[in-house]
Number of protein chains: 2
Amino acid sequence: VHRSTVRVARDVLDANATIARANRADFDRAGVRVVNLMSAPGAGKTMLLERVLAEGLREVRPGVLEGDVRGSYDAERLAALHLPVAQLNTDPGFGGECHLDANMVRSALSALPLEEIDLLVIENVGNLVCPAEFRVGEDARVMVSSVAEGDDKPLKYPLMFRACELVVINKIDLLEHVDFDLDKYLYHLDRVHPGVEHMVVSARTGEGVDALGDWLEACAQRALVLDR
Amino acid sequence: VHRSTVRVARDVLDANATIARANRADFDRAGVRVVNLMSAPGAGKTMLLERVLAEGLREVRPGVLEGDVRGSYDAERLAALHLPVAQLNTDPGFGGECHLDANMVRSALSALPLEEIDLLVIENVGNLVCPAEFRVGEDARVMVSSVAEGDDKPLKYPLMFRACELVVINKIDLLEHVDFDLDKYLYHLDRVHPGVEHMVVSARTGEGVDALGDWLEACAQRALVLDR
């Protein structure tokens, strides 16, 4: 039983990889760089995006694809910034999946004016397990990790922390109110993903948000060397 | 393609329900009440369990089954309390699943001395989506929700908030430091699961933890009427 389960899972991932490559080819043709933004539920992805995009990116036209099991709350928040936003729900038609996959993203592409976008941020479903297993055609994966979640998370969800080019440590304004040892966290992070870039931010106070903006600009302007 | 995906998913859930019923029959024969403890990553399930179990349950012998993708960090923390603890990893042999299912729990039963346990707490993998879909043979499902995650979570993950008998709102000590409106949260919660019991606690300060202990005692002593 286990062997056949693993076989099916591998077939699914192979099929996903094929569609992800097709998505990336479409993005490349349209000149769009794509970031897959991942985190646990409530780590602050949307508020962080609101902060970064409200301040604006230099010479970069952003767009957002919002992934949620259900609802369009986050898409509505971001649409207030007057940029192209599309909502992708995994609930109707996709069985309430806990992650985005390449096929779901492909189905949403027609809802976005790719020719008006330089940088597309795909906000994944809040989950520290499955999103790491499904490429969607992105150039880079950014993981947001909140200090409220505890400093043991890199050890407990290693695949997620390994499957990203940037780790954004959010809610740093809560540091003195939670049991979170930043040195211990960074030590754990370095064990599961040696040398990965990280930054410390607070979407609430704005601390460090400009550094994330700079990173996204560099990504869109192809100034970052990414391991695609 | 979608129709066959849904068909496969339904078959998986049917098979899971059958094994979950077998688990529950075994638990009933052994006189063990079982709670499935669910939350997002870092909501504080383990620290809450540590607090409750360290204070002790009246006339109730607890045991814990720890579910994690990888590692045994939480099991080691709880084993320090000198109670039966078993670790269940979804990574080796189960494909790194983002949730526990009935078959995984069944495979772990032999590692626990059921005859020495009145209340078994199964700590699920941190995830607000899939754990809600897989019964494991439990009598009750308890969901832990941290105020750091935001007051919109019941709307964004409705199945999880609907699939539980008790919602524990944790990290209430952070309330003044985060943008979390408790009234708004409770309004959202009531919309997705009208009348569900809830309690407000802080695993860090101990506030409200005795109420959770009382609830678990009542559960173990069959004083709660549960919708099994």
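Remember, it's a predicted structure, so these values are computed and weren't measured experimentally. Naming convention: chains lettered A, B, ... in sequence-line order (proteins, then strands); numbering from 1 in each chain.
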Point to revise | CG on B:Asp152 to OG1 on A:Thr46, rounded to 0.5 Å | key: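 Reported value, rounded in 0.5 Å steps: 8.0 Å.
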Review point. Could you give the distance from CG (B:Leu159) to CZ (A:Arg70), rounded to the nearest 0.5 Å?
Key: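 Here the interatomic distance stands at 7.5 Å.
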Practice item. Return yes if some donor-acceptor pair links the side-chain N/O of B:Tyr157 with the main-chain N/O of A:Gly126 below 3.5 Å, else return no. Key: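 Pair found, side chain donor or acceptor close to backbone of A:Gly126.
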Check your understanding: Between B:Lys171 (side chain) and A:Ala148 (backbone), is there a donor-acceptor pair under 3.5 Å?
Key ->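 It does hold such a pair.
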So which part of [X] gets closer than 4.5 Å to some heavy atom of chain B, the side chain, the backbone, both or neither?
X: A:Lys153; result: side chain
X: A:Leu155; result: both
X: A:Asp179; result: both

**Study point:** Between A:Val125, A:Val178, A:Asp68, the one whose heavy-atom pairs under 4.5 Å with chain B are most numerous
**Key:**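 Highest number of heavy-atom pairs under 4.5 Å: A:Val178.
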**Study point:** chain B contact residues among residues 189-206 of chain A, heavy-atom distance under 4.5 Å
**Key:**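 Interface residues of residues 189-206 of chain A: A:Arg204.
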Check your understanding: Between B:Pro158, B:Gly44, B:Cys130, B:Pro41, which has the largest tally of heavy atom pairs under 4.5 Å with chain A?
Key ->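 Ranked by contacts with chain A, first place is B:Pro41.
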Practice item. Decide if atom OH of B:Tyr187 counts as having more than 12 heavy atoms of other residues, nucleotides or ligands within a radius under 6.0 Å. Key: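 It does not: B:Tyr187 OH has 12 such atoms or fewer within range.
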Review point. Under a 4.5 Å cut-off applied to non-hydrogen side-chain atoms, are A:Val129 and B:His99 in contact?
Key: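 No, their side chains stay 4.5 Å or more apart.
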